[in-house]
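Notes for the one structure printed next.
Computed from a predicted structure; not experimentally measured.
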Amino acid sequence: MRLIQNMSTIAEFATPECPSNRTIKIAVIGGSGVGKTALVVRFLTRRFIGDYERNAGNLYSREVQVDGEQAAIQVQDTPGVDVTCNGLSLPDHVTCSIQWADAVVLVYSVTDRHSFDLIGQLHQLVARAGGANVPPVILLANKADLLHMRRVDAEQGPLLAAALGCSFYEVSASEDYSQVHGAFHRLCCHMAKQQPQASLSSHTTTGAAEKKGRSPLIPRPKSPNMQDLKRRFKQALSAKVRTVTSV
């Protein structure tokens, strides 16, 4: 819980925690259990926690240095995708994430052949959802430290990435922070060079996204009314004081 509290959840609007005039939005997509949340948390906090609750689709943000300049990195951690008899079992949230994102990270686990086989379909999904403005994509192979459980040969990842036309990184969220950070950081630097600073401004992100045909931010539950919470808290305290006094 403390780990989540240390990271900012983004609502429908830019928050005071992200004052930078550069915002880079990344969606992380892959099968269930491949370590998407572990990778996001590792990148944003340097920490690794071995066990996570099933991801409901959290959006996190952190200020980082990109080419010597401050940038707000927003990372959408999406629910796991699976295949049924009717094709991809795809939560609506995943499609919205692709349309929202400036870049997409596709993840599979080297210990799960099924997650690797999903990547081609997920890449097609990104191409369809992106429309005329397909976001840049990188491919991450996670759990590289689990050599005794490997089900995807080391050479297959680079071959698939080459066929899809994207960069490839084999990493271990549990063992090596530098690998994970390097992959995400290179993607952020690439995005910062692709787009001028003005187009990444928090004041113009909405307009730019509309021009590109993407939603400016993923619909999120509204933040609680802090004034109302404070009022209710004071009322509760007052009630306790009255009870003590009457006793």
Where the side chain of [X] meets the backbone of [Y], is there a donor-acceptor pair that is under 3.5 Å apart?
X      : Y      : answer
Asp176 : Ser178 : yes
Ser61  : Gln74  : no
Thr45  : Arg42  : no
Lys36  : Gly31  : yes
Gln99  : Cys96  : no
Asn142 : Val110 : no

Between Tyr177 and His181, what is the ring plane arrangement, given parallel below 30°, perpendicular above 60°, and tilted in between?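 Tyr177 and His181: tilted rings.
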
With a 4.5 Å heavy-atom cut-off, do [X] and [Y] have their side chains touching?
X      : Y      : value
Val137 : His123 : yes
Ser172 : Gln179 : yes
Val94  : Ile29  : yes
Gln156 : Arg113 : yes
Leu39  : Leu140 : yes

Honestly curious: do [X] and [Y] fall in one hydrophobic cluster under the side-chain, below-4.5 Å linking rule?
X      : Y      : value
Tyr108 : Leu159 : no
Phe116 : Phe168 : yes
Met149 : Val34  : no

For [X] and [Y], which heavy atoms make the closest approach, and how far apart are they?
X      : Y      : result
Glu63  : Ala72  : OE2-CB, 3.6 Å
Cys166 : Leu139 : SG-CB, 4.1 Å
Ser97  : Thr78  : OG-CG2, 3.5 Å
Ala27  : Trp100 : N-CZ3, 4.4 Å
Pro135 : Ala101 : CB-O, 4.1 Å
Val152 : Ser109 : CG2-O, 4.1 Å

Roughly how far apart are [X] [atom1] and [Y] [atom2], rounded to 0.5 Å?
X      : Y      : atom1 : atom2 : result
Ile26  : Gln76  : CD1   : CD    : 11.5 Å
Ile138 : Leu187 : CD1   : CG    : 4.5 Å
Asp77  : Thr37  : CG    : OG1   : 3.5 Å
Asp102 : Met191 : CG    : CE    : 4.5 Å
Cys188 : Ile24  : SG    : CD1   : 5.0 Å

Is the number of heavy atoms from other residues, nucleotides or ligands within 6.0 Å of CZ (Arg46) greater than 12?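 No.
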
Determine, for Glu170 against Arg150, whether the closest basic-nitrogen to carboxylate-oxygen distance falls under 4.0 angstrom. yes

